[in-house]
Structure formats: structure tokens, C-alpha cells
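Before any comments, here is the structure.
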Amino acid sequence: MYNPRFEKDVFKRDVRNNVKTLFRKEVEEATPQQLFQAVSYAVKEAIIDDWLATQKQYEKDDPKTVYYMSMEFLLGRALGNNLINMTAYKEVKEALEEMGIDLNVIEDQEPDPALGNGGLGRLAACFLDSLATLGYASYGCGIRYRYGMFKQKIRDGYQVEAPDNWLKDGNPFELRRPEYAKEVRFGGNIRVEYDETGKTHFVQENYESVMAIPYDYPIVGYGNHIVNTLRIWDAEAIVDFQLDSFDRGDYHKAVEQENLAKNIVEVLYPNDNHIAGKELRLKQQYFFVSASIQAAITKFKKKHGDISKLPEKVTFQMNDTHPTVAVAELMRILLDEENLGWNEAWDITTKCCAYTNHTIMAEALEKWPIDLFSRLLPRIYQIIQEIDRRFVEQVRAQYPGNEEKVKKMAILMDGQVKMAHLAIVAGYSVNGVAKLHTEILKNQELKDFYQMMPEKFNNKTNGITQRRFLMHANPLLADWVTEKLGTKEWITDLSKMSGLKEWLDDEEALKEFMTIKFKNKERLAAYIKEHNGVEVDPRSIFDVQVKRLHEYKRQLLNILHVMYLYNQIKDHPEMSFYPKTYVFGAKASAGYIRAKEIIKLINSVADVINNDRSINGKLKVVFIEDYRVSNAELIFAAADISEQISTASKEASGTGNMKFMMNGAPTLGTMDGANVEIVDEVGIDNAFIFGLSADEVINYEQNGGYNPYDIYNNDPDIRRVVDQLVDGTYANGDKEMYRDLYNSLLNNQGGARADMYFILKDFRSYADAQARAMEAYKDTDKWAKMALKNTACCGKFSADRTIQEYVDDIWHLDHVVINEDELEY
Ligand code: 26V
């Protein structure tokens, strides 16, 4: 790829100029943050040319476009990733080196944009990367939260949340586009009017409104000059846009508008485990959905005029239930603004909207109280009532006399609006995110819907982008892969990784592979030393669990097992034990008390074990503060073992598992989510699988659970660790600190079954898998082979593959090519 801006001299001149104009300084005097800004603006300038070229090409080709609607985009830092995708990383690194600037240090100045909680938001970011790389027209549509995911501090072992003011130094990559602002209305009442033809019109009155202002972020495709757009919306008061007509007497109204606007986009809800039914969250949802759909329709009409052709050019993918109000908003625009009849509007809507389900956890399924919903979105509610009325009619026709069905399937039931039902009824596609997950949706959670409309259901196993999670995260391994394969094709075709299998029996190659892992472990050890003040030995086994903290993900199982190992080492100092470092990283939702207790427990266990000289450093435990995309990249590259130990059936897919695999860490896990497909690819001998199957878990659940006392009473090792939660061992003698965790494992509590997540039930089998992994690691050659086998078999898990499947089966987008010769710089 040729771009004259990245000729060293030109680029260096641009950076110097930027430092001057932005900060009135010479490069030598600039702070690292100022250098980051100057470099980023230079990179942005180069991006802008391709961004314009892409727009022109789209204008010319008129391809079908997907609008990926998501409350969350967990982007991670942009600078390094943009350089990689512009195939300019090495050139820029060298140019900066010549100026005495270290690109790594500059990259570290960039705040980590954290507009997402975890897997769902990161998946959205990986998808945008793949869409641009594969040459498909797409918009990401979301919210420009003023504060992203909170910063996590660990104080005295406890999680403390601090605001993430990610925009405080401005963002060099964003572009404010007030000319595309859209008004969004809330509340008020609906007046019905009849015109002279007798047609009904619905007029919203006495509403409050805000202006949605788009900020565009470039999404750079790899090596193809395509630059797509992530459009995230900020809110501003309407009065700021109507200074002329502003009635100065209405000062109060103006202030109210300012406040409404400020509140809507103030903060990302750091919650991904249950719905609190917060009005503000519904406001956020409607705000960005309405603005995005309005913008899409404006754009479509400008080119095409005939709205009935919308499904030929536009598709809306709803990332979980959060944006499903899109269905009703599209109906509203078609009915009230385009004046279509119901049937025609419904026909268009149901050809344009598709829905992805990301969880079967009942408490995360979105439902809104009808009173709240209808008050905030009166017209949208009317439309949903009509959708529901017609749907229920259909259910009754298909299942005469079966009111049980109606109860289970209706959109409006028991005073609630069920967003998943709305999405399924109106969507033309409903997909799960891994094979097992989709089967569970079809056969359990959404069985009634599957029976009634089987053609809608399909699976799209998640994937990740190798550009960020191999090239950027692990440059040593990326270069090695290129050398061994003799080609860079894997960067855009991950199936090429299978070529690495040729090296599985090559001792020299295996040694190189493990040397790279060792260097990455040294890099992580330095990070841990700096941030935790703990020395860890890069020769020890790095056993890693990083992900959101949830009971179903079972960090508690992991730490209980560490406590068990510690007991073993203390009891049998002479036993054979390969030194291990257990690494944890996890944020808990601010209000999720039990999750926070687990964080405290991990830190307490770490304190006791890391400071026990008697075990000669055989065991270390590290909790990495503020787990996020930027430190995740260091962690995946350095892991020996990937802990994926969710209670089977609960983890829809997991995507961290794929990042570990790509970087050569075998999975220690349950047959859950995408682990199942990882095992299919790599072979059961190259993973450490344990625990109940999804069917077994579901079976227990349907029969009232199991009795953990059967285990507690019969397995003294398990009893001992469980008792250590309440004997003060890890709480300076305080016997109450972990009482709740103890009770959760043994006793029914209100509605919750004892050991709901089968921790004690799976403990022995987990300990056994851990022991097998340690044995395997002792055989260095065998381990190297196993690790390389994981990297070699990761091809399926590229988000490029996932996106191509979405395109083929759901979106039917047109492929766009930008001809390098036609670019004008
Ligand atoms: C749910 C809710 C419920 C209402 C309150 C706010 C909120 C915010 C986010 C969510 C989404 C939870 C679902 C989720 O994150 N699922 C994860 O999706 C990943 C990508 O498909 C998948 O790999 C993980 O297994 C799945 O847990």
C-alpha cells in the first residue's frame, strides 16, 4: 500500500508542524501527551484522504449498507491499530525513532476508549474492523458517553471505582458533524388528527427534546484504503441550535433541556448482568436509536427517494436487545413521516431489522415496566401495542385455545415490555453467538419462537480481529508466523494459520515459539512489578483468567482451587510442584456486592500466599488492576493457560478464549460457549476439559439443583477450603468477611439455590484438569507442541470469518474495492 504521507521525511515534517501549531513548541520540548496528539493528527490527515475516497466509492457503487446498532463499542486505543491497518506501523516507528521518540511510549499516552463493558462491546469493535477490512459498507451506531467504563482501583483489596474522563485531552481521531444533527423527542402526549382525506395523523405534543450530534470515528480497513465510520452521538440542548427563535423568557426550559442533554450521554452503565429498569438507560437507548435511524433514512432518501426500496440498501443489526426499540422507531418514521400504511411499513421493517442474542442469563433479558415505557415513549408504545396485538392474533390462530403460549410469547405481558420478543417478532434473523448457545436458544430459552418461526434462527459463532490481538498485541509472534508461513496472508485470511502445523515436529521452531512466549512473559512480569509491586517468575506457569466478574464465570472456583493448592504445598512441602503464577483481571459492576467480595477474596489470598516465604515462591497470585483492552493485549500474549471455566450453558460464547488460543495458550475449561468449537478445532488432547456438560447443568436446574452438602461432607479437601472462608485464614481472623460466599456455596437463600453455579460439584474435576495441565507443562517439548497447535488451529475464530457469514446469510452486502491507482493525495 502506497501513501506518500508515510514517507519518512514527509511524516516527520508533519509531526514537527503539528507540535508547533498545536502547542507552540519544538518537538524536543513537547511532553509525551503532546507528542501523542501531534502524531495522531498526522496519522488522521492520512486517514482523511482514504475516508474521502471511500465515501466517493460508496457514492459511486451504491452498495447495501449495514448499520450495526450497539450501546457499546469497546474500541481500545486507536493510534497503533490505525497504523497497523494502514500498513504503516513499522515506517512510522522508524521515523519517530529517528526523531528520538519511542512509539510505544506515545501509544501509552492514549486514553483507552472504553465505551463498553466486556465481550459484547469488544465484539462490536472487532466486527467494525472486519467489515472495513473485507470492504463492506457499514456504520457503527452508538453513544459518545462522556465517561466510559469506570477506572478500577484496588484499595486494601477492595474494588474502588473512579470516573473515566477519557475525553479530557480531546480526541484527535474524532470528527464532530453538527450539520448532521437530529432531534430526538421524549414524553408528552399523542394527539390524533384527521386530515381532509380522512387519514389519521399522530402528533406528539408537550414533549421534551434534545439534539443528537454525531461524532464520526474512522474505522480503517487493513491495507485496502477503505475507511468506514463509527458514528457515536452526543446530546446537546435544542436551544443551542435555535438561537434566533429562542424565547429568552423561557430560561427554565432552556436549563431543563441542557440538563436532559447532559444526563443522557453522561455515563456508560457499568452493568452487564442485570437490568435495573432505569429510565435513563431507556432514554439512552431511544436517543441513539432514533438519531441513527433518522440519519440512515435521510441518507437513503437523498439517493433513492422510493422508501419501499429501503430493504435493498439498508439493514439494521441489533446488538442484543438494547437497541430493539429500533423496530418501533422505524415503524414510526414509515407510518407518521412517510405516511405508509401499516402493512407496507411492517413489510419494510421486517426486512430491515435483525437481532443477535448474547446471553441466556434470565436476569439480563431486557424488560421495561409499561408505565415507564409508555410515559417516556408514548408513540413508540402505541406502535408496540399494535405489533403485539397483531402478533398475539397470529399465535392464537396457530395455537387455538392455548393461552399459555400467548402468555409466554406476547411482547406486552404482566405489565412489561419484553424487548427480546419484540426483536424476534420484527426481526428477519435471530442469531446466537456460538453453536452450543444457538442450540440452547432453539431448544430451551426461545423454544416457542423457534417452533413458530424456525427459518429466522441461525448461528454466527463469534470471532476476533487478528490485527489487534496478534499483530498489535504480540508483534514477536506475528513476525514469526509471517516468517514460518512465508507470507502475510494470514493477516486477512486467518485460515492460513493452519500452515503452521508443518512446524509442529520441528524442534528449532518449537524452541523459537517458546522463546517468544518467554519474552512476552517477561514483558508482563515487568508490568506486574510496576503496577502490583509483586515479583513473578517468567519461568513459572502463567495461568490466567481475565474477564468481567460474574458468578457464572466462576472466578470463585479458580481462587478456591488456589487455596486448595496452597494447603497442599503447606502440608507436603516436598511434593512435586511446578511453580505457578495465577493471574486475575476483572471488573465487577458497582452494585454487584458478591462479585466485589470475590475480588476482595482474590486479593486477600494473594496477600497471604505472596508473602509466605515458606513456599519459596512456588505459588503466586496477582490481581491486575483495571483490566481493559490495552493491558489485555499484554496479558493474552503472555499466558500459558487460558481459564474458561464458566458453568456449562451460561457463557454464550466467550471471545477471550479465542484471543488466548491465537497467542498459543491452551484452554482449561468447560464444554461451554465457543470452548466447544475451540476443542473441535484443536482436538481434545490439546485442551484441558472438565466439569458438567450443558445438558447435565440444565437437567439439574430443571430438577431443583443438587445438594452441595453431599460434597462438603464427603471431601475433606473441599470442606477445608470452604471452611477457610469463615475461619479467618484470609481475613486477619475476621470470620464474617466471607460468610456470604460461604453461604452461597452451601445454603439455599431466598430464591437462590445453594451453589447455583455448581462450583463444589465441578471442583474435583477442575482440580484434576489443573493437575493434568501441570503434568503436561513439565514436558517442555510436548507443551510447546500443544501451544503451537492452538495457534495453528485458531483460523476459524477470526471475526473476518464471522462477518463473511453475516454477509452471506443475513446482510447480503456488496463488496467494494478502492482502486489504488485512482487515489489522489
Ligand atoms: C446486558 C445488560 C442487561 C441490562 C443492563 C445492561 C446490560 C448491559 C449489557 C448486557 C449484555 C450482556 C450480554 C453479554 O455481554 N454477552 C456476552 O457477549 C459476548 C459476545 O457475544 C459473548 O462472547 C459472551 O459470552 C457473552 O456473555
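In each ligand, atom 1 is the first atom listed, and ligand 1 is the first ligand listed.
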Do the two ring centres, one from Phe127 and one from Tyr806, sit under 6.0 Å apart?
-> yes
Atom indices of ligand 1, in the order listed, that fall short of 4.0 Å to a heavy atom of Tyr552 = 27 (O)
Report yes if Glu366 has an N/O atom closer than 3.5 Å to an N/O atom of ligand 1; otherwise report no.
-> no
Close approach of His322 to ligand 1, heavy atoms, under 4.0 angstrom | yes
Numbered atoms of ligand 1 (with element) below 4.0 Å of Ala652, judged on heavy atoms = 25 (O)
Which option, Asn462, Leu268, Ile360, Ile464, owns the non-hydrogen atom nearest atom 20 (C) of ligand 1?
-> Asn462
Is the closest heavy-atom distance from Arg281 to ligand 1 below 4.0 Å?
-> yes
Is it true that Lys796 and Asp680 have a side-chain N and a carboxylate O under 4.0 angstrom from each other?
-> no
Does ligand 1 have a heavy atom under 4.0 Å from the side chain of Val433, from its backbone, from both, or from neither?
-> side chain
Taking C-beta and beyond as the side chain, do Met497 and Thr791 meet within less than 4.5 Å on heavy atoms?
-> yes
How about Asn458 and Asp809: does a side-chain donor come under 3.5 Å of a side-chain acceptor?
-> no
Say whether Thr359, considering both its backbone and side-chain N or O atoms, lies within less than 3.5 Å of an N or O atom on ligand 1.
-> no
Please identify which atoms of ligand 1 are closer than 4.0 Å to at least one heavy atom of Gly654.
-> 22 (C), 23 (O), 24 (C), 25 (O)
Going through the distances and angles, do Phe623 and Phe584 end up as a ring pair (Phe, Tyr, Trp, His ring centres under 6.0 Å)?
-> CA-CA 5 Å; Phe623 188 96; Phe584 292 83; 7.1 Å; no
So for Met71 against ligand 1, with non-hydrogen atoms under 4.0 Å, the contacting part is neither
pair Ser130-Arg467: side-chain heavy atoms closer than 4.5 Å | yes
Ligand 1 contact by Gly118, heavy-atom criterion under 4.0 angstrom | no
Any side-chain donor-acceptor pair under 3.5 Å between Thr315 and Tyr428?
-> yes
State whether a side-chain donor-acceptor pair under 3.5 Å links Asp672 with Ser646.
-> yes
Please say whether Asn271 places an N or O atom under 3.5 Å from an N or O atom belonging to ligand 1.
-> no
Salt bridge between Glu696 and Lys761, side-chain N to carboxylate O under 4.0 Å?
-> no
N or O pair under 3.5 Å between Glu72 and ligand 1 = no
